[in-house]
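What follows is a single structure, written as structure tokens, with notes after it.
Lettering of chains follows the sequences in order, A, B, ..., and the numbering in each one begins at 1.
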2 protein chains.
Amino acid sequence: MSEVIVEQIRSLIRADKLRPGDRLPSERALCEQMGVSRVTVREALRVLEAAGLVAIRVGARGGAFVTTPSSTKLSANLADLVNLSPMTAPEVIEARQVVELGIIETVIERATEKDVDELREMTREHQAALKRGEYSMEMSAAFHVRVAQCTHNAAIEMLVHSFHGPLLMSLREAQVAAPLMGHRGTSEHREFVEAIAARDVEKAREIMAKHLRRTSQRIARVQASREKGKEV
Amino acid sequence: MSEVIVEQIRSLIRADKLRPGDRLPSERALCEQMGVSRVTVREALRVLEAAGLVAIRVGARGGAFVTTPSSTKLSANLADLVNLSPMTAPEVIEARQVVELGIIETVIERATEKDVDELREMTREHQAALKRGEYSMEMSAAFHVRVAQCTHNAAIEMLVHSFHGPLLMSLREAQVAAPLMGHRGTSEHREFVEAIAARDVEKAREIMAKHLRRTSQRIARVQASREKGKEV
DNA sequence: TCCTAACGACGATATGACCATAAGCCGCCC
DNA sequence: GGGCGGCTTATGGTCATATCGTCGTTAGGA
């Protein structure tokens, strides 16, 4: 079975026998090596690719390369869960609130001067973009991710990153990206950064709580109107 | 490309044209329908299967059935990320602490009588198992997941559930499941349940914080000894 | 009526062939 | 002599066909 091949390669990667950037043998070589047909090997590689463990390039010197995994695939899977399972967008938002509020203390504790400077720069750019009418949900998401990076904890960063994918998609699907009310959003971002700079946990919590509450209300309205649309 | 097929089917599922339990056409039928070969269709189905969107059964009346997605696959992916990416076990634990402490307020707000009763029953069973020498990490994980269920939020539940998978694996790999120090763990669990029953947020937080701190120290020791083992 | 054996539908795998792509090489032309 | 374009070749992508294992299903016999 091809599942066996998948597990075999996966464990090779886990055991550090294969490291990110390494190239696996060619499909034809793997066939021979494992004693199976090319179809089977290909199915295994496809699964690994879908899991984000390898990237496949075509052409000469192509093949399957071990990748340093990222949260992208995870985010995509999460998006599926949100859309297909008993998990609803409001629930995801609530989870997001737990995380983003929960990390504030750590953020304030660990944010470096560089972190704060970059956050300030980011809010400046966002407000400029807003004036040009180019402010987007992606920028807002980027801000929240950058805040999470201040924890200097890859797991937390990934968590926040993962949450934004599904939410963005949820909004995009509903095609309501236009009326952003970005003014209050960006100025809240700026206030939040200053609270971090001042190492004021209480204030930062307060601002972020308000900010997330507004966002969640907006998404709730979107959700409601979409449900309504379904009924019609 | 088979990616196209994947997206096509995926969007069919998203658009509710295909619902959980539905059976997709047979491979041979899909070939004809999409104008591609069986290999291509199979690769697409394998990817969907790996993503947890369909389950494939063999034999007569077999085929690809749309599944109601669960967090299982997501959890597996998360485990990969933990093991393969710059993300370390201590980082995951910190993230877990953020979530499990962050939800306490919600847990206390929403826990029903039934929730509390079941938690009490669970701790009783666990203490009995401990006396029989059968207490395991799985039981501890189950407790934390059950607590998360009290939020009645599928996203949060999945989050906590996902965290325990990688951590358990991390411990099992290091083969240190034996010396559990389960006595303090289970009694802390019991105290925690009573704090929930009493709707005492502060006390619950305090107990859980202490509990998680002890667990994280234990895992840190495991990590340290494993690193040491690697060097040798 | 009930049990069993043959049938058919369907996925799993194998084989061999051909196409598309892209990197590297070599020769041609300036 | 150097730069550039076409050729070579390794490699993934796709296809057609064939065979096998696994099941429901069903028909025939006890």
Partner set under side chain to side chain contact (heavy atoms under 4.5 Å, CB included) for [X], not counting sequence neighbours:
| X | answer |
| --- | --- |
| Glu125(B) | Glu121(B) |
| Glu3(A) | Glu49(B) |
| Ser11(B) | none |

Nucleotide by nucleotide, nucleotides 12-17 of chain D touches protein heavy atoms under 4.0 Å in the pattern (B base, S sugar-phosphate only, - none) BBBB--
With salt bridge (Lys or Arg N to Asp or Glu O under 4.0 Å) as the rule and sequence neighbours excluded, what pairs involving residues 24-41 of chain A come up?
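Passing the test, one end in residues 24-41 of chain A: Glu27(A)-Arg38(A), Glu27(A)-Arg42(A).
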Test: salt bridge (Lys or Arg N to Asp or Glu O under 4.0 Å). Region: residues 143-163 of chain B. Which pairs qualify, not counting sequence neighbours?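 Passing the test, one end in residues 143-163 of chain B: Asp115(B)-Arg146(B), Glu118(B)-Arg146(B).
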Starting from the 5' end of DNA chain C, give me the residue, Ala60(A) or Arg61(B), whose nearest nucleotide shows up first.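 The residue whose closest nucleotide sits nearer the 5' end is Arg61(B).
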(request) Using the test salt bridge (Lys or Arg N to Asp or Glu O under 4.0 Å), find all partners of Glu134(A) that sit at least two apart in sequence or belong to another chain. (result)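 Only Arg132(A) meet the salt bridge (Lys or Arg N to Asp or Glu O under 4.0 Å) criterion with Glu134(A).
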Check: For the residue pair His189(B) and His144(B), does the interplanar ring angle fall in the parallel (under 30°), tilted (30 to 60°) or perpendicular (over 60°) class?
Finding: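 Judged by the thresholds at 30° and 60°, the geometry between His189(B) and His144(B) is perpendicular.
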What donor-acceptor contacts under 3.5 angstrom involve side-chain atoms of residues 55-69 of chain A, with partners at least two apart or in another chain?
{"unit_1": "Thr67(A)", "atom_1": "OG1", "unit_2": "Gly52(A)", "atom_2": "O", "d": "2.9"}
{"unit_1": "Thr67(A)", "atom_1": "OG1", "unit_2": "Leu53(A)", "atom_2": "O", "d": "3.2"}

| task | Using chain A heavy atoms and a threshold of under 4.0 Å, write down where along DNA chain C the contacts begin and end, 5' to 3'. | result |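 Going 5' to 3' along DNA chain C, contacts run dT13(C) to dA23(C).
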